[in-house]
Amino acid sequence: MGVHIKQAVEVATYILSQRLQGKKRFPLTLMLEPLFRCNLACSGCGKIQHPLEVLRKYLTPEECFRAVEECGAPIVAIPGGEPLLHPQIDEIVHGLVARRKFVYLCTNGILLEENLHKFKPSPYFSFSVHLDGLREWHDKCVDRKGVFDIAVKAIKAAKAKGFRVTTNTTIFEGADPKEMQEFFDFVSSLGVDGMMISPGYAYEWAPDQEHFLKREQTRALFREILAPYRAGQKKWNFNHNPLFLDFLVGEKDYECTPWGMPSYSVLGWQKPCYLLNEGHYKTWQELIENTDWEKYGHKSGNPKCRDCMVHCGYEATAAMDAFNPANMVKAASSLF
């Protein structure tokens, strides 16, 4: 099973309730960034490019809870930086689980095994371990040798203690389709509870701007990588709505839902989404009401959005499309 059935049911109930209330824009996943500091310096990351005074800041548990309650999203992803560097990350996770939020703590795995004792297994909680490929490719992507082996060891330790564990993979230009297929086979052998994949996006602040995918490149690459899966030859366990995978290979032509996965950090609510560096609002309501949403998305003509096919903009669109009667059966296939 990829998406946990409890999560699927509660998220579907949430979407229906929002629709019945007549709400046009509502979030599905909050990207809660309690700090930007990290113990890696990946060339494809824009977060660690913040000035030192920002990297030293972190959100308190109370600030995290307030942001979650303010926007009301049923899912909370906790990226960073490296969240396990936060001195109160366990308190934040426990508080969110107590609020019945589905929490994905995103980590590079370096500090995971030594911090497992701080957390408790729960259907509302998952570790999402960053792995971009097999050993050589992943260590190249994160600019440090040995990280792959540490992360894999941590995944095994977390699974042995009963935790739900997923992986999070960003696919860049230059990725070898066959190697990615071998990587999915390997990750599947670890017994993870789902794999999440997304094409890389050209962060304005990322040091490496040469290896992000263009839109047609994305479709061609994902068609090749996912060919055995789509032909039924592989049973890879993706933690995705299958309609989003259809979008990645070009079978669906979705428009972005930028408010579907908003970001809250030490700087406030990032506008319009966590990929674009266009300033911040103090409140969720300001973000929703004051953002000119027509200026964003592929069809807007905004050059910053032209090639983006990242999950933060399009998984919410796929989730809404799952309520189309013609798509319900396929969307439900991610549960089994």
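Position 1 is the first residue of the sequence; numbering continues from there.
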Undergrad: Assess whether atom CD of Q233 is packed by more than 12 heavy atoms of other residues, nucleotides or ligands within 6.0 Å.
TA: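 More than 12 heavy atoms, drawn from other residues, nucleotides or ligands, come within 6.0 Å of this atom.
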Undergrad: Testing the basics here: between W269 and K282, what is the closest heavy-atom pair and its distance to 0.1 Å?
TA: CD1-O, 3.5 Å
Undergrad: Just wondering, do V187 and W236 contact through their side chains at under 4.5 Å, heavy atoms?
TA: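 Sidechains of V187 and W236: no contact.
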Undergrad: Once you measure the plane-to-plane angle for F244 and H240, does it fall in the parallel (<30°), tilted (30-60°) or perpendicular (>60°) bin?
TA: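 Tilted.
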Undergrad: Are L243 and Y14 linked, directly or through intermediate hydrophobic residues, by side-chain heavy-atom contacts shorter than 4.5 Å (ILVMFWY only)?
TA: yes
Undergrad: Report yes if the side chains of P79 and M31 come closer than 4.5 Å at any heavy-atom pair, otherwise no.
TA: yes
Undergrad: Are L55 and I110 joined in one hydrophobic group, where the rule is that I, L, V, M, F, W and Y side chains link up if heavy atoms are under 4.5 Å apart?
TA: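 L55 and I110: one cluster.
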Undergrad: Mind checking the CD-CD spacing from Q88 to E91? Nearest 0.5 Å is all I need.
TA: 5.0 Å
Undergrad: What's the verdict on side chain to side chain contact (heavy atoms under 4.5 Å, CB included) for L112 and L84, showing C-alpha distance, side-chain angles and the deciding distance?
TA: CA-CA 7 Å; L112 177 54; L84 291 175; 4.2 Å; yes
Undergrad: How about Y314 and Y254: are their ring centres within less than 6.0 Å of each other?
TA: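 Judged by ring-centre distance (under 6.0 Å), Y314 and Y254 do not meet the cut-off.
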Undergrad: Answer yes if W137 and I197 sit in the same cluster of Ile, Leu, Val, Met, Phe, Trp and Tyr residues linked by side chain heavy atoms under 4.5 Å apart, and no otherwise.
TA: no
Undergrad: Taking the side chain as everything from C-beta on, heavy atoms only, tell me whether L96 gets closer than 4.5 Å to C64.
TA: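 Of all side-chain heavy-atom pairs linking C64 with L96, none is under 4.5 Å.
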Undergrad: According to the interplanar angle, ranging from 0 to 90°, do the rings of F119 and F125 count as parallel (below 30°), tilted (30 to 60°) or perpendicular (above 60°)?
TA: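 Plane angle under 30°, so parallel.
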Undergrad: So which atom in I15 and which in A319 form the shortest heavy-atom distance, rounded to 0.1 Å?
TA: CD1-CB, 4.4 Å
Undergrad: Does E286 reach the main-chain N or O of T283 with its side chain, forming a donor-acceptor pair under 3.5 Å?
TA: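 Side chain of E286 to backbone of T283, a donor-acceptor pair under 3.5 Å: yes, one is there.
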Undergrad: Check the pair D149 / R135 against salt bridge (charged side-chain N to carboxylate O under 4.0 Å, His left out), numbers first and verdict last.
TA: CA-CA 7 Å; D149 289 333; R135 181 181 293 105; 2.9 Å; yes
Undergrad: Answer yes when D246 and R230 have at least one side-chain N-carboxylate O distance shorter than 4.0 Å, and no when they do not.
TA: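 Yes, charged N to carboxylate O under 4.0 Å.
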Undergrad: Measure the CZ-SG distance between R66 and C71 for me, rounded to the nearest 0.5 Å.
TA: 13.0 Å
Undergrad: Less than 4.0 Å between a side-chain N and a carboxylate O, is that true for E10 and R100?
TA: yes
Undergrad: Nearest 0.5 Å please: distance from the NZ atom of K161 over to the NE2 atom of H117.
TA: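 One finds 10.0 Å between NZ of K161 and NE2 of H117.
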Undergrad: Does a side-chain N-to-carboxylate-O contact under 4.0 Å join K304 and E278?
TA: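 Yes, charged N to carboxylate O under 4.0 Å.
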Undergrad: Please lay out, stage by stage, how T317 and T257 fare under the test side-chain hydrogen bond (donor to acceptor under 3.5 Å, both in side chains).
TA: CA-CA 6 Å; T317 312; T257 303; 2.6 Å; yes
Undergrad: If you compare all heavy atoms of P34 against all heavy atoms of V266, which two are closest, and at what distance to 0.1 Å?
TA: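 Closest heavy-atom pair between P34 and V266: O-CG1, 3.8 Å.
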Undergrad: For side chain to side chain contact (heavy atoms under 4.5 Å, CB included), just list the numbers for I225 and F184, CA-CA rounded to whole Å, side-chain angles, deciding distance to a tenth of an Å, and then say yes or no.
TA: CA-CA 10 Å; I225 291 173; F184 292 153; 3.6 Å; yes
Undergrad: How many angstroms lie between NE2 in H298 and CZ in R306, if you round to the nearest 0.5 Å?
TA: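 The NE2 atom of H298 sits 9.5 Å away from the CZ atom of R306.
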Undergrad: Check whether E315 reaches the backbone of H311 with its side chain - one donor and one acceptor, N or O, closer than 3.5 Å.
TA: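 No, the answer is negative, given that no donor and acceptor are paired below the 3.5 Å cut-off.
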Undergrad: With distance as the sole test, does E70 use its side chain to make a donor-acceptor pair with the main-chain N or O of A67 at under 3.5 Å?
TA: no
Undergrad: Quick one about N327 and K330 (side-chain donor to acceptor, distance below 3.5 Å, no hydrogens or angles considered), yes or no?
TA: no
Undergrad: Nearest heavy-atom pair of P27 and W284: which atoms, and what distance?
TA: CD-CZ2, 3.5 Å
Undergrad: Hey, does C38 have a side-chain heavy atom less than 4.5 Å from the side chain of N108?
TA: yes
Undergrad: I'd like to know if I150 and L134 are part of one continuous hydrophobic network [Ile/Leu/Val/Met/Phe/Trp/Tyr, side-chain heavy atoms within less than 4.5 Å].
TA: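 No, L134 does not connect to I150 through the hydrophobic network.
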Undergrad: Which heavy atom of V76 sits nearest a heavy atom of K101, and at what distance?
TA: CG2-CB, 4.1 Å
Undergrad: According to the interplanar angle, ranging from 0 to 90°, do the rings of Y58 and H86 count as parallel (below 30°), tilted (30 to 60°) or perpendicular (above 60°)?
TA: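 The arrangement is perpendicular - the two ring planes meet at more than 60°.
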Undergrad: Check for a donor-acceptor pair, side chain of H94 on one end and backbone N or O of K118 on the other, with a separation under 3.5 Å.
TA: yes
Undergrad: Quick one: does T169's side chain have a donor or acceptor within less than 3.5 Å of a partner on L131's backbone?
TA: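 Yes: the side chain of T169 pairs with the backbone of L131.
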Undergrad: Return the orientation label for the H130 and H138 ring planes: parallel under 30°, perpendicular over 60°, tilted otherwise.
TA: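 If you compare the ring of H130 with that of H138, the planes turn out perpendicular.
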Undergrad: What's the separation between atom OG1 in T218 and atom CZ in R223, rounded to the nearest 0.5 Å?
TA: 10.5 Å
Undergrad: Does a side-chain N-to-carboxylate-O contact under 4.0 Å join E216 and R219?
TA: yes
Undergrad: Is it the case that the side chain of N239 and the backbone of M195 share a donor-acceptor pair, with hydrogens and angles ignored and the cut-off at 3.5 Å?
TA: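 Here the side-chain-to-backbone pair does not exist.
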Undergrad: Using a 4.5 Å cut-off on heavy atoms from C-beta on, say whether the side chain of L221 contacts that of P177.
TA: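 Yes; the side chains approach each other to less than 4.5 Å.
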Undergrad: Distance only, no hydrogens: is a donor on one side chain within 3.5 Å (strictly under) of an acceptor on the other, for E33 and S263?
TA: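 Yes - a donor-acceptor pair under 3.5 Å links their side chains.
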Undergrad: To the nearest 0.5 Å, what is the distance between CD1 (I89) and CG (N115)?
TA: 10.0 Å
Undergrad: Is V54 close to F36 at the side-chain level, that is, under 4.5 Å between some pair of heavy atoms?
TA: yes
Undergrad: Can you find a pair of side-chain heavy atoms, one from V103 and one from Y124, that are under 4.5 Å apart?
TA: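 No, every pair of side-chain atoms sits at 4.5 Å or beyond.
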Undergrad: Please determine if K57 and E53 form a salt bridge, counting it only when a charged side-chain N lies under 4.0 Å from a carboxylate O.
TA: no
Undergrad: Could E69 and R99 be called an ion pair, given the rule that one side-chain N must be under 4.0 Å from one carboxylate O?
TA: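 Result for this pair is yes, salt bridge flagged.
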Undergrad: Run the ring-centre check on F222 versus Y229 and record whether the distance is less than 6.0 Å.
TA: no
Undergrad: When you measure from the side chain of R215 to the backbone of C308, do you find a donor-acceptor pair of N or O atoms at a distance under 3.5 Å?
TA: yes
Undergrad: Quick check against the 3.5 Å criterion: does N168 have a side-chain atom that pairs as donor or acceptor with the backbone of V129?
TA: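 Answer holds: no.
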Undergrad: Looking at every heavy atom in both I288 and W293, which two are closest together, and how far apart are they?
TA: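 So the minimum-distance heavy-atom pair works out to O-NE1, 3.1 Å.
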Undergrad: Taking E82 first and then R37, would you say they form a salt bridge - that is, a charged N and a carboxylate O separated by under 4.0 Å?
TA: no
Undergrad: Taking K252 first and then D321, would you say they form a salt bridge - that is, a charged N and a carboxylate O separated by under 4.0 Å?
TA: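 Counted as a salt bridge, because a side-chain N and a carboxylate O are separated by less than 4.0 Å.
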Undergrad: For a 4.5 angstrom cut-off between non-hydrogen side-chain atoms, does F183 reach D132?
TA: no
Undergrad: Looking at K145, I want to see if its NZ is surrounded by more than 12 non-hydrogen atoms of other residues, nucleotides or ligands under 6.0 Å.
TA: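 Open: at most 12 neighbouring heavy atoms sit under 6.0 Å from NZ of K145.
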Undergrad: Start with the C-alpha distance between L59 and Y264, add both sets of side-chain angles, then the distance that settles side chain to side chain contact (heavy atoms under 4.5 Å, CB included), and finish with yes or no.
TA: CA-CA 10 Å; L59 295 174; Y264 183 77; 3.8 Å; yes
Undergrad: With R19 as the cation and F323 as the aromatic partner, state whether NZ or CZ is under 6.0 Å from the six-membered ring centre and within 45° of the axis.
TA: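 Output yes; distance and angle both within limits.
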Undergrad: We want to know whether T166 and S126 form a side-chain donor-acceptor pair, criterion being a heavy-atom distance below 3.5 angstrom.
TA: no
Undergrad: Show the numbers, then the answer: is there a side chain to side chain contact (heavy atoms under 4.5 Å, CB included) between R164 and V192?
TA: CA-CA 7 Å; R164 179 175 166 83; V192 299; over 6 Å; no
